Each structure stands twice: as C-alpha cells, then as structure tokens.
Amino acid sequence: MNRQTKSSSAAPPNFLERVYELVRKVPRGRVTTYGAIAEACGMRISARMVGWAMNQSHRVLPPVPAHRVVNRKGLLTGKHHFATPTLMQELLEQEGVKVIHDQVVNFEQVFWDPHQHQ
DNA sequence: ACCGTGACTGGCA
DNA sequence: ATGCCAGCCACGG
C-alpha cells in the first residue's frame, strides 16, 4: 500500500484520458500537434507519449479524431496507423483541410492551439 | 532485468 | 534551409 501501483510517476494516471479529451476538443477543419497536446497536458517534454496515446486511441470511446493530430511540421506522420494509409488524409480533406504529399497546406492557419483555447 | 523501438521535438552543424 | 543527434516516457521481446 503505497504510491501508485501501476503507471509511472512522471505522467498522471489520467494523462491518457486528458489527451483524448483534449483532442476531441479540436474543432472540425482544424489540426493540432503532438507537442501542443503534450504541453497542454503538462508533458511537453514528452510529445512521444501523445503519439503513444494516439496509438491506443482507436480503442477508446467516444472516438478520438486522431486524424486532426499531426507533427510539428504539419506532416501526417501517423497516417500509417489508420485503417488505411490514405484514411487520415481523406478525413482531413473531408473536413476542409487540404493535404498535399502528406503535408497540411497552410498548416499554421489551420493549426489549433489547445493552450489558446483551453 | 536489459535493450530497442516509437503517430515527437528542439537544438546545432 | 536541411539533416543529424540527444532527450523523453512507456511498452514489448
């Protein structure tokens, strides 16, 4: 009886939930980055944890719009983890986000900062 | 228990 | 501007 049984110490036990809830807040037609989410969750030093969280997001309810999360360059680095390699791009374009060569066009324009929105 | 990998990022050459 | 390296945390083999 003491301290946490599982999970680690650096990240809070609800870190995963926090990430998902935050990603769900991303408006349709906008995108955010792993680093931005990590920072909003107090894990800016570990954006990788967000990527790991996204990998698990497919089994979480309600569904998480993981396709709205790209890397800092605006590249769809996670597209290979979707049902099909083109699904992520199609979902984004379906929302009005233009993507060329796995790169979000006008990335800084469609970028949605969770910290700014809280 | 140890090592390598990963949907990342910032800094430096 | 582009490319490489190191730091980060968690998980699987």
Side-chain angles (χ1 to χ4, degrees):
Chain A
M1 62 256 248
N2 43 34
R3 42 208 99 181
Q4 62 289 347
T5 53
K6 304 167 48 177
S7 299
S8 72
S9 6
N14 52 349
F15 166 73
L16 208 58
E17 263 182 56
R18 213 171 191 176
V19 173
Y20 296 149
E21 186 178 355
L22 193 50
V23 176
R24 292 192 196 103
K25 289 179 182 175
V26 180
R28 182 174 167 284
R30 300 281 190 172
V31 298
T32 189
T33 67
Y34 302 94
I37 298 167
E39 183 178 359
C41 294
M43 296 282 295
R44 69 175 164 77
I45 59 176
S46 300
R48 287 193 173 199
M49 291 299 86
V50 179
W52 169 74
M54 289 296 98
N55 198 340
Q56 307 299 311
S57 66
H58 73 96
R59 55 192 273 174
V60 183
L61 279 297
V64 179
H67 60 278
R68 294 177 187 152
V69 185
V70 298
N71 76 341
R72 66 168 180 175
K73 304 173 193 171
L75 288 171
L76 283 52
T77 53
K79 71 173 198 171
H80 284 277
H81 291 258
F82 284 77
T84 64
T86 57
L87 180 59
M88 187 175 186
Q89 177 173 339
E90 292 187 19
L91 286 172
L92 287 173
E93 292 188 330
Q94 195 175 338
E95 298 183 350
V97 179
K98 191 138 188 180
V99 178
I100 298 180
H101 295 329
D102 303 336
Q103 165 72 51
V104 176
V105 180
N106 299 326
F107 170 59
E108 296 188 10
Q109 265 183 188
V110 295
F111 173 69
W112 183 83
D113 189 348
H115 191 300
Q116 192 175 46
H117 186 281
Q118 289 187 33

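Just so it is clear, the model here is predicted, and its values are computed rather than measured.
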**Prompt:** So does A:Glu95 pair up with A:Arg68, basic N to acidic O under 4.0 Å?
**Reply:** yes
**Message:** Is it the case that the side chain of A:Asn71 and the backbone of A:Gly74 share a donor-acceptor pair, with hydrogens and angles ignored and the cut-off at 3.5 Å?
**Reply:** yes
**Among A:Val70, A:Val104, A:Asn106, A:Thr32, side chain to side chain contact (heavy atoms under 4.5 Å, CB included) partner for A:Phe111** = A:Thr32
**Item:** A:Asn55 CG - B:dA7 C1' separation (whole Å)
**Value:** 7 Å
**Message:** Can you measure A:Arg68 atom CZ to B:dA7 atom C1' for me and round it to whole angstrom units?
**Reply:** 17 Å
**Asked** When all nucleic acid strands are considered with a 4.0 Å heavy-atom cut-off, which category describes A:Asn71: base, sugar-phosphate, or nothing?
**Response** sugar-phosphate
**Asked** Between B:dA7 atom P and A:Lys73 atom NZ, what is the distance in whole Å?
**Response** 14 Å
**Asked** If you find the nucleotide of DNA chain C closest to A:Ile45 and the one closest to A:Trp52, which residue's nucleotide is nearer the 5' end?
**Response** A:Ile45
**A:Thr33 side chain near A:Val69 side chain, heavy-atom distance below 4.5 Å** = no
**A:Met49 CE - B:dT9 P separation (whole Å)** = 13 Å
**Request:** Could you check how far CE of A:Met43 sits from C1' of C:dG7, rounded to whole Å?
**Result:** 13 Å
**Message:** Please report the distance, rounded to the nearest Å, between CD1 in A:Ile37 and C1' in C:dC9.
**Reply:** 16 Å
**Request:** Please state how far atom CZ in A:Phe82 lies from atom C1' in B:dA7, giving the value in whole angstrom units.
**Result:** 8 Å
**Complete:** Checking N1-N3 plus N6-O4 or O6-N4 for Watson-Crick, or N1-O2 and O6-N3 for wobble, each under 3.5 Å, the partner of C:dC5 is B:dG10
**Message:** Just to be sure I understand the rule, does A:Ala53 reach a base, reach only the sugar-phosphate, or reach nothing, if contact means heavy atoms closer than 4.0 Å?
**Reply:** nothing
**Asked** To the nearest angstrom, how far is A:Arg72 atom CZ from B:dG11 atom P?
**Response** 9 Å
